[in-house]
Amino acid sequence: MKLLVINGPNLNLLGIREPEIYGDRTLADLERELREYCTERGVEIEFFQSNHEGAIVDKIQEAMGLFDGIIINPAAYTHTSIAIPDAIRATGLPAVEVHLSDIYTREPYRRVSYTSDACIAQISGRSFEGYKEAVDILCNRLYNETKAE
Ligand code: DQA
C-alpha cells in the first residue's frame, strides 16, 4: 500500500509559523514521525508540499495509478479551492483531509471546507496525530476493499 501526503501553502513554515496555533515542530518532524508510523505498518509513504494550487492539482493527478490513497492538508486552499477537490474526485482515489488546528473553533471563514466533499473523512484539531489517524482510516478502507474483492 502506498500513500501520498500533500501539505499546502505555508506548511513549509511549520515550527516558525504561529507556533501558538500550529506548535513548534517542523514539517521535517512531521514527515519523520509519519514515515516511522507507516514503516511500522508496512505502508509506503511519499511527501509533497507546495504553496501553489496548480502544483497541488498536478500532483493529485499524477497520483493516479501510483498511489492507493491521499492524505491532504490543503491549508488555506481548503476554504477557497474548487480545483483541488475536483482533482481528488477525478482520480477516484480515497482521500482524507487533515488540519493541525481545529478549523471549527477559529475564524468563521475557516469553517467552510470545499475539499471535505471529495474526501472520505476529515480530521481537524489533532495536530500530528491527525495524519496518523488518516493513515489508519485509509489502511482500514483499503484493507476492507481488498477483502471484499
Ligand atoms: C490549516 C488550517 C487552515 O485554515 C490554514 O489556512 C492553514 C493550516 C491547519 O492545518 O490547521 O494553513 O489547514
Side-chain angles (χ1 to χ4, degrees), residues 1-41 43-64 66-142:
M1 183 176 318
K2 196 166 177 192
L3 302 180
L4 172 64
V5 179
I6 299 178
N7 280 302
N10 300 307
L11 292 170
N12 54 317
L13 294 184
L14 273 185
I16 298 170
R17 171 192 188 201
E18 298 177 279
E20 65 289 0
I21 296 175
Y22 299 112
D24 54 13
R25 291 177 294 172
T26 64
L27 184 60
D29 292 334
L30 171 65
E31 293 183 353
R32 189 173 346 96
E33 267 195 35
L34 215 49
R35 190 176 293 287
E36 258 174 46
Y37 189 80
C38 285
T39 304
E40 284 162 11
R41 284 156 185 79
V43 174
E44 278 183 74
I45 194 143
E46 189 179 305
F47 299 99
F48 179 76
Q49 189 279 329
S50 177
N51 295 326
H52 305 278
E53 185 176 13
I56 294 170
V57 168
D58 286 344
K59 191 68 187 180
I60 293 169
Q61 289 186 7
E62 285 163 20
M64 262 188 293
L66 294 179
F67 292 91
D68 302 299
I70 298 174
I71 296 168
I72 183 162
N73 183 346
Y77 289 137
T78 308
H79 321 297
T80 61
S81 174
I82 309 287
I84 289 174
D86 275 355
I88 294 170
R89 285 189 203 95
T91 66
L93 288 170
V96 176
E97 177 184 336
V98 175
H99 298 285
L100 295 154
S101 67
D102 183 357
I103 58 171
Y104 297 102
T105 57
R106 298 182 60 193
E107 301 91 333
Y109 58 81
R110 294 189 201 273
R111 289 180 202 147
V112 176
S113 167
Y114 292 113
T115 318
S116 63
D117 265 4
C119 292
I120 61 168
Q122 184 199 55
I123 301 163
S124 180
R126 304 272 300 126
S127 189
F128 285 14
E129 283 307 302
Y131 289 79
K132 295 177 190 169
E133 288 166 17
V135 170
D136 292 344
I137 290 171
L138 286 169
C139 285
N140 287 336
R141 163 77 168 230
L142 295 163

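We count ligands from 1, going down the list as the structure has it; atoms in each ligand are counted the same way.
With distances taken over non-hydrogen atoms, the option nearest atom 13 (O) of ligand 1 out of E107, R111, H99, R126 is H99. Nearest-heavy-atom check against atom 2 (C) of ligand 1 across D102, I103, N73 picks out I103.
Here is the list of ligand 1 atoms found below 4.0 Å of a heavy atom in S101: 2 (C), 9 (C), 11 (O). Near H79, meaning under 4.0 Å from one of its heavy atoms, ligand 1 places the atoms 3 (C), 4 (O).
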Checklist line | E33/R25 under side-chain contact (heavy atoms from CB on, under 4.5 Å): CA gap, chis, key distance, verdict | finding: CA-CA 11 Å; E33 267 195 35; R25 291 177 294 172; 3.0 Å; yes
Margin query: Let's go through E46 and K59 carefully: what are the C-alpha distance in whole Å and the side-chain angles of both, what is the deciding distance for salt bridge (charged side-chain N to carboxylate O under 4.0 Å, His left out) to 0.1 Å, and is it a yes or a no?
Written below: CA-CA 11 Å; E46 189 179 305; K59 191 68 187 180; 3.2 Å; yes
Next item on the list: Mind running side-chain contact (heavy atoms from CB on, under 4.5 Å) on E53 and I56 for me, showing each step along the way?
Entry: CA-CA 5 Å; E53 185 176 13; I56 294 170; 5.8 Å; no
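I60 and I88 make their closest contact through CG2-N, 3.8 Å (heavy atoms, listed as atom of the first residue, atom of the second, distance). Between G8 and N51, the shortest heavy-atom contact is O-OD1, 4.3 Å.
Nearest protein neighbour of atom 8 (C) of ligand 1, counting heavy atoms only, is Y22 OH, 3.5 Å. Scanning the protein for heavy atoms near atom 5 (C) of ligand 1, the closest one is R110 NH1, 3.3 Å. Atom 12 (O) of ligand 1 has its closest protein heavy atom at R17 NH2, 2.8 Å.
Judged by distance alone, the side chain of H79 and the main-chain N or O of V112 form a donor-acceptor pair under 3.5 Å. A donor-acceptor contact shorter than 3.5 Å is absent between the side chain of R106 and the backbone of D102.
Between L100 and ligand 1, at least one pair of N/O atoms sits closer than 3.5 Å. Polar contact check, A76 against ligand 1: a nitrogen or oxygen pair lies under 3.5 Å apart.
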